**Q** 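Submitted below is the structure of interest, expressed as structure tokens.
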Amino acid sequence: MNAEKFHIEAAEALTVWYNSHKRDLPWRLDRDPYRILVSEAMLQQTQVERVKSFYARWMERFPTLTSLASASEDDVLACWQGLGYYSRARSLRKAARLVRDAGLTTLPPDWEFLRSLPGLGPYTVGAVCSIAFDLPVPAIDGNVRRVFSRLLDMPDDPAKAKGTALIAAHAAAILKLGSPHILTQAFMELGATVCTPGATCRCPQCPVSRLCAAKAAGTQGQRPAGPRKNVVERRNGAALLISLPQGCAVRKRPIGGLWSGFCEIPWLRGEEKESAFSCLSRLAAELRLSCPCTDLKLEETLKFTRWQVRLHLWSCRMPQPPAGCDELSTDKLIGLPMPAGLKRLVQKALEKSGEKQLELFSPVR
DNA sequence: GATGCGTGGTC
DNA sequence: TGACCAAGCAT
């Protein structure tokens, strides 16, 4: 089949299929560009089911771009808390302020301007342009890469620049043959519900299976081709719940890097094959601790892209906060912007102290 | 182009 | 249950 016929048949089949098979999602109630942008930012590397409740809460709190522009960063982060990749929230707020400072009250249909905003990369700009403004700008995400790597039976990694350019060319050609806002979402919807990863794809339900080169060759389970994923390194770690006269010790993470600007209880990631107890010793030395520590027998796994940490929790009592830490009352502790894994650990400790009446936070005599 | 950035779900 | 996945972006 020649390319032109491929594009025409794909546009027709996907339009029909999307109109009858699209899911009802909260960000599909209208095509307001701000609402589309928020959904796209939240959906970056995040599953639809997880985004739903965050999206609803966000829209209630920051219903318009101007309301977001006038919000404080703390309020924005609090609303994003638990969703991960927090630079997305900071960027979204900055972008809203830049739009406002440009004298606008809403996002303009201007690729160059949108691309200049923080947090809006090639994919997100494509999504806003095509979905909100109905412009034929392709939005290439993981779903679309997978769909096209199969349609074209691409033998090389579609995430590489060459593969992405090829996919963008085909996607743009198809968008021009129909409604870009329908077709962009159709590519993604197909990837999310039918053309799913590995051997789980549902080819019998696919509206474009007869156009699919991988289906014809039987290679759909091996697409997209790509490099082996990195192994996640597993390590131990130690965390400390330090009881102070009026609460417990927390510290603020530096700006930039992991959990930028968030609060945390003191903790330390172990070296390769280091025991949790050895981590505790190093942590105690770092904090210049001179008191005995009690093993609370509580653990939590912190998961990251390249490593995960089995974090063991100890407690101790001190008359004043150690170096680098501040004192905070325990009732304020739970409301603090704190990474999800650490917060789970703290909550476990609070529950345990309640059950066993450990007087974990009673004043030092 | 490679790496850092969170979190929770799936099989 | 461990490996992989989920609508990327900035540096």
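In this text the structure is predicted, and so the values were computed from the model without any measurement. Both backbone and side-chain heavy atoms feed into the values below; hydrogens, waters and symmetry mates do not. So you know, we letter chains A, B, ... as the sequences are listed, proteins then strands, and number each from 1.
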**Q** Can Gln81(A) and Tyr86(A) be counted as having a side-chain donor-acceptor contact under 3.5 angstrom?
**A** no
**Q** Once you apply a heavy-atom cut-off of 4.0 Å, does Arg253(A) come out as touching a base, just sugar-phosphate, or nothing?
**A** nothing
**Q** May I ask you to say what Leu25(A) touches in the nucleic acid, namely base, sugar-phosphate or nothing, with a heavy-atom cut-off under 4.0 Å?
**A** base
**Q** Given the side-chain rings of Tyr55(A) and Trp27(A), with only the six-membered ring counted for Trp, is the space between their centroids under 6.0 Å?
**A** yes
**Q** Tell me whether Asp24(A) at atom CG has more than 12 heavy atoms from other residues, nucleotides or ligands lying less than 6.0 Å away.
**A** no
**Q** When the nearest nucleotide of DNA chain B is assigned to Ser87(A) and to Thr200(A) on a heavy-atom basis, which residue is associated with the more 5' position?
**A** Ser87(A)
**Q** How long is the line joining CZ of Arg23(A) and C1' of dA6(C), in whole Å?
**A** 11 Å
**Q** Looking only at side chains, do Thr196(A) and Thr200(A) share a donor and an acceptor under 3.5 Å apart?
**A** yes
**Q** Students often get this wrong, so: under 4.0 angstrom with heavy atoms, is Trp80(A) touching a base, only sugar-phosphate, or nothing?
**A** nothing
**Q** How many Å lie between CG on Leu92(A) and P on dC9(C), as a whole number?
**A** 12 Å
**Q** Regarding Thr124(A), tell me which of base, sugar-phosphate or nothing describes its non-hydrogen contacts under 4.0 Å with the strands shown.
**A** sugar-phosphate
**Q** Are Lys94(A) and dA10(C) close enough that a side-chain N or O sits under 4.0 Å from OP1 or OP2?
**A** no
**Q** Counting heavy atoms from C-beta on, name the nucleotide in dT7(B), dA6(C), dG1(B) closest to the side chain of Pro197(A).
**A** dA6(C)
**Q** Expressed in angstrom and rounded to an integer, what is the separation of Leu83(A) atom CG from dG8(B) atom P?
**A** 10 Å
**Q** So does Asp326(A) pair up with Arg251(A), basic N to acidic O under 4.0 Å?
**A** no
**Q** Ignoring the backbone of Tyr123(A), work out which of dC5(B), dG2(C), dC9(C) is nearest its side chain.
**A** dC9(C)
**Q** For nucleotides dG8(B) and dC9(C), find the distance between their P atoms and express it as a whole number of Å.
**A** 22 Å
**Q** Of all the choices, dG2(C), dC9(C), dG8(B), which nucleotide is nearest to the side chain of Ala340(A) once you look at every atom?
**A** dG8(B)
**Q** So, does Arg50(A) get its side chain near the phosphate of dG8(B), meaning an N or O under 4.0 Å from OP1 or OP2?
**A** yes
**Q** Measure from CD on Glu264(A) to P on dG6(B) and round the result to the nearest Å.
**A** 12 Å
**Q** Between Gln45(A) (CD) and dC4(C) (C1'), how many Å, whole number?
**A** 13 Å
**Q** Would you mind classifying the nucleic acid contact of Arg310(A) as base, sugar-phosphate or nothing, using non-hydrogen atoms under 4.0 angstrom?
**A** nothing
**Q** Is Glu73(A) paired with Lys94(A) through a side-chain N to carboxylate O contact shorter than 4.0 Å?
**A** no
**Q** Once you round it to whole Å, what is the distance between C1' of dT7(B) and CG of Leu302(A)?
**A** 11 Å
**Q** Looking at every strand, decide which applies to Leu120(A) at a 4.0 Å heavy-atom threshold: base, sugar-phosphate, or nothing.
**A** sugar-phosphate
**Q** Any side-chain N or O of Gln47(A) below 4.0 angstrom from OP1/OP2 of dG9(B)?
**A** no
**Q** May I ask you to evaluate whether Arg88(A) reaches the phosphate of dC9(C), defined as a side-chain N or O under 4.0 Å from OP1 or OP2?
**A** no
**Q** May I have the distance from Glu49(A) (atom CD) to dT10(B) (atom C1'), rounded to whole angstrom?
**A** 14 Å
**Q** Does a side-chain N or O of Arg344(A) approach OP1 or OP2 of dG8(B) to a distance below 4.0 Å, or not?
**A** yes
**Q** Quick one: label Gly198(A) by what it contacts on the DNA or RNA (base, sugar-phosphate, nothing), any heavy atom closer than 4.0 Å.
**A** nothing
**Q** Look at the side chain of Thr46(A) and the base of dG8(B), then say whether one donor and one acceptor between them are separated by less than 3.5 Å.
**A** no
**Q** Between dA10(C) and dA6(C), how many Å separate the two P atoms, rounded to a whole number?
**A** 22 Å
**Q** Classify the nucleic acid contact of Ala139(A) as base, sugar-phosphate or nothing, counting any heavy atom under 4.0 Å across all strands shown.
**A** nothing
**Q** For Val144(A), answer base if it contacts any base atom (sugar-phosphate contacts may also be present), sugar-phosphate if it contacts only those atoms, and nothing otherwise; contact means non-hydrogen atoms under 4.0 Å.
**A** nothing
**Q** Looking only at atom P, what distance separates dG6(B) and dA3(C), rounded to whole Å?
**A** 23 Å
**Q** Closest-nucleotide mapping onto DNA chain C: is Pro122(A) or Arg146(A) further toward the 5' terminus? I mean the 5' end.
**A** Arg146(A)
**Q** To the nearest angstrom, how far is Met42(A) atom CE from dC5(B) atom P?
**A** 22 Å
**Q** Looking at Tyr85(A), does any N or O in its side chain come under 4.0 Å of the phosphate oxygens OP1/OP2 on dA6(C)?
**A** no
**Q** Report yes if the distance between the aromatic ring centroids of Phe62(A) and Tyr34(A) is under 6.0 Å, otherwise no.
**A** no
